[in-house]
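Worksheet: one structure, shown below.
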Amino acid sequence: MKISVFETKEAASKYASDIFYEQIKKQPNSVLGLATGGTMSTFYEKLSGSINENPIDVKKLNTFNLDEYYEITSENPQSYHAYMKTLFFDKVGIDSAQTHFPYQKEHQEDPSLYDQQIDALGGIDIQLLGIGRNGHIGFNEPNTPFNSITRVVDLSETTIQDNARFFEDINEVPKQAVSMGISTIMKAKRIILLAFGEAKKDIIIELSKMTTPDENIPASILLTHPNVEIIVDKTIGEYLN
Ligand code: F6R
């Protein structure tokens with residue numbers, strides 16, 4: 001598990017976005033695994049900036065988002081559909097036919113079909129991940145079985161509190177989501193995890209000291225993946241050896 005440290009979130013996000021840019025340039029029909037959340041906004045700004053400044057073909061891409069809140073419509077501005085459209089897809093001309101989410105209120109399907117759709121397109125070439133303070137990846141909260149696939153999940157109290165900053169009232173935060181499972185994520189050929197700032201310091205320090213995976217810290221499964229890079233800013237990096 002490689003850990004790369006950058007002076008700022010900006011520099012780290014640019015480095016990560018260049019990895020995705022090069023992947024798309026090298027293989028225009030790539031399957032991208034994408035994440036949302038506060039951490040990723042600079043990443044999408046940099047990636048869409050690069051694509052618009054030095055155009056590459058994005059029309060053959062397929063994207064699979066990690067998760068979506070349960071029971072909210074894709075038009076709802078709080079949905080991850082809306083987040084992705086505004087911050088990335090519409091900026092670079094990725095059509096909705098190329099994008100996939102594990103849940104859409106308007107067209108509900110068996111969530112486990114998501115794993116089959118990913119496999120049918122040859123699997124995820126590169127997966128972007130954030131991390132929760134409790135070590136969640138996607139919305140796989142502590143003690144999720146490592147062999148889990150895409151399914152409806154209950155959000156933990158920590159996650160509900162952390163995500164309340166995006167809502168007017170904590171009571172508006174959905175209590176459930178549909179998330180790729182841990183085994184779904186682990187099938188990606190390459191994984192890039194971003195973590196920035198004080199809030200993620202403790203979990204990354206803990207993860208960096210672990211030697212064997214523990215279901216209590218979902219991200220620790222990444223110790224067994226052959227191609228993972230964790231990209232952090234100096235706020236976190238100065239505590240790592
Ligand atoms: C988002 C996701 C989550 C977030 C994590 C960190 O699609 O799957 O795992 O990456 O909750 O969120 P932020 O970046 O808001 O701290």
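Order of appearance sets the numbers: ligands from 1, and atoms from 1 within every ligand. Please read these numbers as outputs of a predicted model, since none were measured by experiment.
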Quick one: look at Asp162 and ligand 1, take heavy-atom pairs under 4.0 Å, and tell me if it's side chain, backbone, both or neither.
-> neither
Within-cut-off N or O pair, Gly38 and ligand 1, under 3.5 Å = yes
Just checking, is any N or O donor in the side chain of Gln108 or Gln104 under 3.5 Å from an acceptor N or O on the other one?
-> no
The reported gap from CD1 in Ile3 to CD1 in Ile231 (rounded to nearest 0.5 angstrom) is 11.0 Å
Can you list the ligand 1 atoms lying under 4.0 Å from a non-hydrogen atom of His136?
-> 3 (C), 5 (C), 9 (O), 11 (O)
Please write down residue, atom name and distance for the protein heavy atom closest to atom 14 (O) of ligand 1.
-> Thr39 OG1, 2.4 Å
Any luck finding a side-chain donor-acceptor pair between Thr73 and Glu106 under 3.5 Å?
-> no
Arg165 touching ligand 1 at heavy-atom level, < 4.0 angstrom | yes
Phe64 and its side-chain contact (heavy atoms from CB on, under 4.5 Å) partner, picked from Leu34, Thr99, Leu121, Thr184 | Leu121
Start with the C-alpha gap between Tyr114 and Tyr103, add the side-chain angles, then the distance that decides, and say whether ring-ring contact (aromatic ring centres under 6.0 Å, His included) holds.
-> CA-CA 9 Å; Tyr114 204 54; Tyr103 174 77; over 10 Å; no
Between Leu66 and ligand 1, which residue portion shows a heavy-atom distance shorter than 4.0 Å: side chain, backbone, both, or neither?
-> side chain
At under 4.0 Å between heavy atoms, what of Asp67 touches ligand 1? The answer is side chain
Per-atom filter on ligand 1: closer than 4.0 angstrom to a heavy atom of Gly130 are 10 (O)
How are the rings of Tyr44 and Tyr83 set relative to one another: parallel (under 30°), tilted (30 to 60°) or perpendicular (over 60°)?
-> perpendicular
Quick one: look up the protein heavy atom nearest atom 1 (C) of ligand 1 and list residue, atom name and how far away it is.
-> Thr36 OG1, 3.3 Å
Looking at Gly37, which atoms of ligand 1 are within less than 4.0 Å of one of its heavy atoms?
-> 14 (O), 15 (O)
Does Lys200 have a heavy atom less than 4.0 Å from any atom of ligand 1?
-> yes
Side-chain donor-acceptor pair present, Asn65, His100, cut-off under 3.5 Å = no
What's the shortest heavy-atom distance between Asn227 and Lys189, and which atoms?
-> CB-O, 3.5 Å
Would one find an N or O of Gly138, backbone or side chain, under 3.5 Å from an N or O of ligand 1?
-> yes
Between Ser183 and Asn147: side-chain donor-acceptor atoms closer than 3.5 Å = no
Which residue and heavy atom of the protein sit nearest atom 6 (C) of ligand 1, plus the separation = Ile131 O, 3.4 Å
Considering distance alone, does some N or O of Tyr80 sit under 3.5 Å from an N or O of ligand 1?
-> no
